[in-house]
Amino acid sequence: MAEFINEPAHTFNEYLLIPGYSSAECIPANVSLKTPLVKFRKGEEAPISLNIPLVSAIMQSVSGDKLAVALAVEGGLSFIYGSQSVEDEAAMVKRAKSYKAGFVRSDSNVCPDDTLSDVVELTARTGHSTIAVTEDGTPEGKLVGIVTSRDYRVSRMAPDLPVREFMTPFEKLVWAKEGTSLKEANDIIWDHKLNSLPIVSETGKLCHLVFRKDYDSHKQNVNELLDDSKRYMVGAGINTRDYKERVPALLEAGADVLCIDSSEGFSEWQKRTLEWIRATYGEKVKVGAGNVVDAEGFRFLADCGADFVKVGIGGGSICITRETKGIGRGQATALIDVCAERDRYFEETGVYIPVCSDGGIVYDHHMTLALAMGADFLMLGRYFARFDESPTNKVSIGGTYYKEYWGEGSARARNWQRYDLGGDKKLSFEEGVDSYVPYAGRLKDNVALSLSKVRSTMCNCGALTIPELQKKAKLTLVSSTSIVEGGAHDVIQKEKSAAVK
C-alpha cells in the first residue's frame with residue numbers, strides 16, 4: 001500500500017512572519033544579505049558566496065549573458081541556460097566573463113542602407129537612443145557612424161531616408177582605441193561633453209560603447225559579485241546526457257559554478273553526472289543538483305556530492321508538472337522539510353550544503369518567508385523574465401508592455417533533457433506553458449526595491465543576517481479569511497473609484 005502523508009502541503013502564501021524584538025541597531029542599512037552558494041565544512045567559509053540571495057533560473061527566456069552581467073553587478077548570480085548547443089552556451093558564458101564594467105557591447109545596431117523607419121522601430125523596441133551604424137549592421141562590424149535622437153526629426157524627414165544621410169559619420173566622431181581604460185574613457189567623455197564614446201579596434205571594428213550615464217553607477221555597485229581576477233561571476237546549466245562534452249567547454253569558457261538542470265533530481269542520472277564530475281575534477285568544480293521536495297531526496301544528492309541542492313517541483317508560474325503528472329509538493333512544506341534534513345546532515349557530517357528554493361515566489365514578501373524557512377538563496381524565473389536584461393522580446397498588448405516568458409518544458413523550448421528519464425530523446429508531452437509577464441523595466445531598480453522589503457522585514461524580526469533570521473523567525477499558518485484580511489478590504493480604493501467615474 002502507498003505511503004500517505006496526511007499533513008497538507010503548504011505554499012508561501014499560507015504563512016506569515018510574527019515580528020520579534022527589534023533593537024536600535026536593526027535598521028535596513030545594517031542588514032547583510034551575504035549567503036553561501038556552495039558547500040563548506042564547519043568552521044570554514046564557503047568557497048563561493050553570494051552578496052544577495054538571488055540567482056536566475058536556468059531558462060531560455062531568463063538567463064542570457066546580458067542578464068548574467070546585470071545580476072552579478074547587484075551581487076547575485078545567473079545560470080546560463082543549457083537548452084542550447086554546447087558551443088552557444090560556452091559562448092554566452094565567455095561573453096559574460098569577458099564583459100568589462102562600463103564597456104557595453106552594442107545591442108542596437110543598423111547598417112547605412114537601413115532607413116529612418118528602421119531606426120524609429122529599433123528605438124521603440126529597445127528604448128535605446130544611441131544606435132551604432134556598422135557596415136554590416138552587427139555589433140562587431142566596422143563602425144561608420146552613430147545615430148542619436150539629435151540626428152533626426154521624424155516629423156520633418158521621410159521614413160525611407162537612408163541612415164547614411166542623417167547619421168553622424170565616423171570622421172566626425174570622438175572615439176577611443178581598443179585597450180583604453182575605463183578611467184581614460186570617462187575622462188574623454190567629460191572633456192568632450194559626450195553622452196557616449198565608441199571603442200574601436202585597429203581595423204575600425206566596433207568593440208564597445210562607454211556611456212556617460214553609467215559613470216556614477218559603477219561607483220555605487222558595492223555588491224558586485226567578482227572572481228579573483230575581478231571578472232563578473234556566472235553559472236551555467238548542464239544536463240544528464242551530454243555532460244562529458246558540455247562541462248569541459250563551460251569550464252574552459254570560465255563558468256564559476258554549474259548546476260544540473262532537471263525537473264526531478266532524485267535519480268540515477270544525476271548520481272552518474274555528479275560521480276563523473278567528481279572523478280574527473282575532484283572537488284574543485286562546484287556543481288549544484290536537484291530538484292527535490294523531501295528529506296530523502298536531499299540526503300541522496302548530498303551523498304552523491306552536490307555542492308548545493310535545489311528544492312521545488314511544480315511550483316513555477318509556467319510549470320504544469322503537477323497537473324500533467326501529479327507529482328510535486330507545496331513549496332513551503334518542501335522547503336521546510338529539506339532544510340531540516342540539511343541541518344541534520346550538517347550536525348552528522350560537519351558539512352553544510354546550501355539549499356536553493358526554486359519556484360513558488362509570487363510576491364516580494366515570499367522571498368523573506370523562504371529565507372526564514374531555511375533557504376540559503378532563491379532561484380527566480382518569472383521575476384527576472386520581466387526585466388530589460390532578459391533575452392526575450394518586449395511586446396505591446398492592448399497598450400501595455402509585456403515580456404515573453406516560456407517554460408523549459410513547453411513546446412517552444414522543447415528542453416527534453418530537463419525531463420529526461422532515460423528514454424527517447426524527445427519531449428513526449430508538455431510540462432510548461434508559453435506566456436507573457438508584465439514588463440517591469442531595469443533589473444537594478446526592481447532588485448533594489450525587492451531587497452529593501454526583505455531587509456525591512458528582517459529588521460522587524462530582529463535579524464541582521466540570513467542565519468540570524470532563520471534562528472529567530474517565528475512563522476504562523478494563516479486561514480483563507482486572514483489572507484483576505486491582510487490586504488485592502490471593506491473600502492473603495494481611490495484609483496478604482498476614479499476609474500468608475
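Ring geometry for Tyr363 versus His365: interplanar angle under 30°, hence parallel rather than tilted (30 to 60°).
With Asn239 contributing its side chain and Asp242 its backbone, the two residues share a donor-acceptor pair below 3.5 Å. Not a single donor-acceptor pair under 3.5 Å links the side chain of Arg246 to the backbone N or O of Gly237. Listed for the Asn30 side chain is a donor-acceptor partner under 3.5 Å among the backbone atoms of Glu25. Proximity of a side-chain donor or acceptor of Glu389 to a complementary backbone N or O of Pro391 within less than 3.5 Å is not detected. Using modelled atom types, one side-chain atom of Thr126 and one backbone atom of Leu122 make a donor-acceptor pair closer than 3.5 Å. Between the side chain of Ser61 and the backbone N or O of Trp406 there is at least one donor-acceptor pair closer than 3.5 Å. Although no hydrogens or angles enter the test, the distance criterion places no donor-acceptor pair under 3.5 Å between the side chain of Arg125 and the main chain of Val120. In terms of modelled atom types and a separation under 3.5 Å, the side chain of Arg329 and the main chain of Val293 share a donor-acceptor contact. Formation of a donor-acceptor pair under 3.5 Å by the Asp307 side chain with backbone atoms of Val287 is found in this model. For the pair Thr333 (side chain) and His10 (backbone), a donor-acceptor distance under 3.5 Å is present.
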Just do the side-chain contact (heavy atoms from CB on, under 4.5 Å) check on Arg272 and Tyr243 with the steps written out, would you? CA-CA 10 Å; Arg272 291 183 185 181; Tyr243 53 88; 4.1 Å; yes

Between Glu89 and Tyr81, is the side-chain contact (heavy atoms from CB on, under 4.5 Å) condition met? List the steps. CA-CA 7 Å; Glu89 186 182 9; Tyr81 66 92; over 6 Å; no

Before giving the answer on salt bridge (Lys or Arg N to Asp or Glu O under 4.0 Å), spell out for Glu44 and Arg41 the whole-Å C-alpha distance, their side-chain angles and the decisive distance to 0.1 Å. CA-CA 6 Å; Glu44 299 177 354; Arg41 290 194 170 275; 5.8 Å; no

Phe384 and Leu443: side-chain contact (heavy atoms from CB on, under 4.5 Å), yes or no, with the steps? CA-CA 7 Å; Phe384 288 116; Leu443 179 147; 3.7 Å; yes

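Taking the charged nitrogens against the carboxylate oxygens, Lys286 and Asp256 have no contact shorter than 4.0 Å, which rules out a salt bridge. Using a 4.0 Å cut-off between charged side-chain N and carboxylate O, Asp376 and Arg342 make a salt bridge. Remark: Arg442 does not engage Asp388 in a salt bridge, criterion side-chain N to carboxylate O under 4.0 Å. Using a cutoff of 4.0 Å between basic side-chain nitrogens and carboxylate oxygens, Asp65 and Lys94 are not scored as salt-bridged.
By the 6.0 Å contact criterion, NZ on Lys34 is open, its count of non-hydrogen atoms from other residues, nucleotides or ligands being 12 or less. Summarising the local packing, CD of Glu121 is surrounded by more than 12 heavy atoms from other residues, nucleotides or ligands at distances under 6.0 Å.
Side-chain contact, Glu224 with Tyr232: a donor N or O sits under 3.5 Å from an acceptor N or O. In summary, the side chains of Tyr383 and Ser450 do present a donor paired with an acceptor at a separation below 3.5 Å, with no hydrogens or angles considered. Neither side chain, Thr273 nor Thr240, offers a donor N or O lying under 3.5 Å from an acceptor on the other. In summary, the side chains of Asn460 and Thr457 do not present any donor paired with an acceptor at a separation below 3.5 Å, with no hydrogens or angles considered.
The cationic group of Lys403 does not satisfy the cation-pi geometry with Tyr439, failing either the under 6.0 Å distance to the six-membered ring centre or the 45° limit from the ring axis.
Taking the side chain as every heavy atom from C-beta outward, Val478 and Tyr15 never approach each other to under 4.5 Å.
Shown are Phe308, Tyr345, Phe40; of these, the ring pair (Phe, Tyr, Trp, His ring centres under 6.0 Å) with Tyr352 is made only by Phe40. Test Ile361, Val311, Leu369, Thr11 against Gln331 for side chain to side chain contact (heavy atoms under 4.5 Å, CB included) and you get one pass: Val311.
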